[in-house]
Amino acid sequence: MIKFKLIEKGNPGKPTEPKKWHALAIYSDKVTQKELSANLADLSSLSMGDVANVITNLVQELPKILSRGGIVQLGELGSFRITLSSTWAATKQKFSTETIKPKITFTPWTELKKALDTLKYQQE
């Protein structure tokens, strides 16, 4: 069950427009890397230290791959890639790379997306 609260917020770019309501998730807990390592170790033949080491190495490798323009495909979990946004320029010559803002985008695999279809919601 995903809990949420409704918040009223205005558009900062259009302060004269009326404020609108939208849902904001309320998180029930946070699982640390140590806890995740222990949980995954319980499900496998690996030790907690082995799992923690793999996660640590993934955290170190992910930025390296993404920064060279690569995509990291993690099997049926999904993939990570860099996406860009920038301000518009009137001409190609007037474009400035200083306006580029990178983002890390995660695209879930089909099974993970299907899990979203079964979510239930409860307003707090």
Side-chain angles (χ1 to χ4, degrees):
M1 179 79 55
I2 304 295
K3 293 184 180 182
F4 71 95
K5 63 182 176 182
L6 290 175
I7 64 164
E8 187 178 25
K9 200 170 183 184
N11 182 343
K14 299 178 182 178
T16 58
E17 286 188 357
K19 292 181 177 182
K20 296 182 180 179
W21 292 89
H22 72 99
L24 183 67
I26 299 172
Y27 301 103
S28 60
D29 65 344
K30 183 192 297 187
V31 177
T32 65
Q33 181 175 329
K34 185 176 182 178
E35 292 167 327
L36 181 60
S37 297
N39 293 347
L40 293 174
D42 287 344
L43 296 172
S44 72
S45 61
L46 300 173
S47 72
M48 184 179 150
D50 291 336
V51 175
N53 189 26
V54 169
I55 294 171
T56 299
N57 290 336
L58 174 64
V59 169
Q60 289 177 350
E61 283 300 305
L62 194 64
K64 292 177 191 176
I65 297 165
L66 295 176
S67 67
R68 67 175 186 245
I71 296 173
V72 177
Q73 173 67 50
L74 294 177
E76 294 183 12
L77 179 64
S79 62
F80 293 88
R81 69 186 188 286
I82 297 286
T83 55
L84 306 175
S85 65
S86 66
T87 56
W88 293 86
T91 66
K92 197 174 186 180
Q93 293 75 21
K94 289 185 179 181
F95 180 79
S96 171
T97 58
E98 292 175 7
T99 68
I100 296 175
K101 293 183 179 159
K103 239 177 33 173
I104 296 174
T105 300
F106 173 73
T107 304
W109 192 253
T110 307
E111 291 301 314
L112 191 53
K113 282 185 197 176
K114 283 181 187 175
L116 297 177
D117 294 337
T118 64
L119 291 177
K120 304 283 186 229
Y121 304 95
Q122 177 183 346
Q123 185 175 341
E124 286 289 302

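The structure presented is a predicted model; accordingly, all values stated were derived computationally and were not measured.
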task = With rounding to the nearest 0.5 Å, note down the distance linking CG in L112 to CZ in F106.
result = 5.5 Å
message = Are the side chains of L58 and Q60 in contact, using a 4.5 Å heavy-atom criterion?
response = no
request  = Report the distance from atom CG of N53 to atom CG of L46, rounding to the nearest 0.5 Å.
outcome  = 10.5 Å
query = Within a strict 4.5 Å, meaning less than it, do heavy atoms of the L36 and T32 side chains meet?
reply = no
query = What pairs meet the ring pair (Phe, Tyr, Trp, His ring centres under 6.0 Å) rule with one or both residues in residues 17-60, with sequence neighbours excluded?
reply = none
note = side chain to side chain donor-acceptor pair (under 3.5 Å) pairs touching residues 86-99, sequence neighbours excluded, are T87-T99
inquiry  = Just verifying a value: how many Å separate I7 CD1 and K19 NZ, rounded to the nearest 0.5 Å?
reply    = 10.5 Å
request  = Sequence neighbours left out, what passes side-chain hydrogen bond (donor to acceptor under 3.5 Å, both in side chains) with S79? Give chain and number order.
outcome  = none
ask   = Quick one: CD1 on I26 to CE on M1, what's the gap to the nearest 0.5 Å?
value = 12.5 Å
Side chain to side chain donor-acceptor pair (under 3.5 Å) pairs, two or more places apart, involving residues 36-51 = S47-D50
What side-chain donor-acceptor pairs closer than 3.5 Å can you find for residues 115-124, not counting sequence neighbours?
from : atom 1 : to   : atom 2 : distance (Å)
T118 : OG1    : A115 : O      : 2.8

Which side-chain N or O atoms in residues 62-77 pair as donor and acceptor under 3.5 Å with protein atoms at least two apart or in another chain?
from : atom 1 : to  : atom 2 : distance (Å)
K64  : NZ     : E61 : OE2    : 3.2
S67  : OG     : P63 : O      : 3.0
S67  : OG     : K64 : O      : 3.0
Q73  : NE2    : G75 : O      : 2.6

message = As a quick check of understanding, evaluate side-chain contact (heavy atoms from CB on, under 4.5 Å) for Q33 and T56, giving each step before the final call.
response = CA-CA 9 Å; Q33 181 175 329; T56 299; 3.1 Å; yes
message = Please tell me whether L43 and M48 are part of a single hydrophobic cluster in this structure, the criterion being side-chain heavy atoms less than 4.5 Å apart.
response = no
ask   = Do I82 and I104 come close enough that some side-chain heavy atom pair is under 4.5 Å?
value = yes
